[in-house]
Amino acid sequence: MEPYTDLVVFSGRSCEPLARSMCEYLGIPLGDAHVGRFPDGEIDIKIKRDVRGADVFVVQTGAHPVNDHILELLLLIDTLKRASAGRITAVIPYYAYARKDRKDEGRVPISAKLVADLISAAGANRVITVDLHAPQIQGFFDVPVDHLFAMKVFLDHFERLAIPNVCVVAPDVGSIRLNRAFARRLHCDLVIVDKRRVSGTETEVLNLIGDVRGKNCIICDDMISTGTSIVKATEAVRANGAEKVYLCATHPVLSGPAVQNLNGAEGVEKIIVADTVPTDDKPVERLEALSIAPLLGEAVRRIHRSESVSHMFDETDPEH
Ligand code: R5P
């Protein structure tokens, strides 16, 4: 059943190349829109085609400058709602503010919930996102969320690399589930780093649970922000006798000292990320960005045709 005949994809300014690749996958042109700035810095938007009754997808990721990009997404959704789009889906490859998902101390916001409320209030009817920092953030939305996993793309890549004598390392307790699923698919051991966060840019490794001596390690995380967590985990496995280290993360946020931290990390063979956040302006050596455009494009195609999205992940869902 196709309730909406027209499928249209628009993009904000955070990730236009990714949106264009999605459109190539779907065999449609990117929707024509002007997204610019007024002289005073306010965001200026004009959708340049008729969208009445259409099934519209708006692609915008939480890249720097994140606050501008969030507001741009909200205004794009508002524009489409007022232009009588039939259904509006926000496609958010990297959902920013996700790490503030609970009140873990007094007098702090739950930013992930507020951003979800803003997206719903703007008029989004559903959301597609990739590797949420915590899967329960889906519950912050009152509209359906299709949560996609980049692991499918990474696994194909690592299976092609066929790294010998490999083990998978979770760089902190929060990433155990993801890494356990990885280890299961690669038929190898899982090692866990017991990490403590000291501040936004500082972490401390307390323990290494498991044996990495003489092994090649794949360390996977949902994101690399300053690079502190994943570099500390690299140092810990190297100090415990690991050979080569492959770093892997879905969201290359690469903020603050990330470039310096990653380029200075010894023993790192490759840094494999997805293109949920653009990395063209980040001179990180050994970085390889794998495109998730086919994954997002396929999810859009299935949603448009009212087909199952979860069937895309029957083999690779880290929840199972
Ligand atoms: C933490 O819970 C996350 O999964 C990442 O490990 C962390 O946010 C990465 O940040 P950074 O690169 O600044 O250590």
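First listed ligand is number 1; within each ligand, the first listed atom is number 1. Keep in mind that what you see is a predicted model, and the values were worked out from it rather than measured.
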Carefully, step by step, assess Val127 and Ile92 under the rule side-chain contact (heavy atoms from CB on, under 4.5 Å). CA-CA 7 Å; Val127 171; Ile92 310 171; 4.2 Å; yes

Can you confirm if the aromatic rings of His311 and Phe313 lie within a centre distance of less than 6.0 Å? no

If the cut-off is 4.0 Å to any non-hydrogen atom of Gly227, which atoms of ligand 1 fall inside it? 11 (P), 12 (O), 13 (O)

Measure His251 to ligand 1 on non-hydrogen atoms and call it side chain, backbone, both or neither using the 4.0 Å cut-off. neither

Where Ile77 and Ile88 come nearest, the two heavy atoms and their spacing: O-CD1, 3.8 Å

Heavy atom under 4.0 Å from ligand 1: found in Asp172's side chain, backbone, both, or neither? side chain

I need the contact type for Asp222 against ligand 1. Using non-hydrogen atoms and a strict under-4.0 Å cut-off, is it side chain, backbone, both or neither? side chain

Looking at Thr226, which atoms of ligand 1 are within less than 4.0 Å of one of its heavy atoms? 11 (P), 12 (O), 13 (O), 14 (O)

I need the nearest protein heavy-atom contact for atom 14 (O) of ligand 1: residue, atom name and distance, please. Ser229 OG, 2.5 Å

Can you tell me which residue and heavy atom of the protein come closest to atom 8 (O) of ligand 1, and the distance to 0.1 Å? Arg99 NH1, 2.8 Å

With ring centroids as reference points, do Phe140 and Tyr95 lie under 6.0 angstrom apart? no

Please could you name the atoms of ligand 1 that His133 approaches to less than 4.0 Å, counting only its heavy atoms? 1 (C), 2 (O), 3 (C), 4 (O)

Would you mind listing which atoms of ligand 1 come within a distance below 4.0 Å of any non-hydrogen atom of Lys195? 1 (C), 6 (O)

I need the minimum non-hydrogen distance between Asn179 and Pro171, along with the two atoms involved. ND2-CD, 3.8 Å

Sub-4.0 Å heavy-atom contact, Asp221 with ligand 1: yes

How close does the nearest protein non-hydrogen atom get to atom 7 (C) of ligand 1, and which residue and atom is it? Arg197 NH2, 3.7 Å

Between Arg197 and Ser229, do the side chains contain an N or O donor and an N or O acceptor separated by less than 3.5 Å? yes

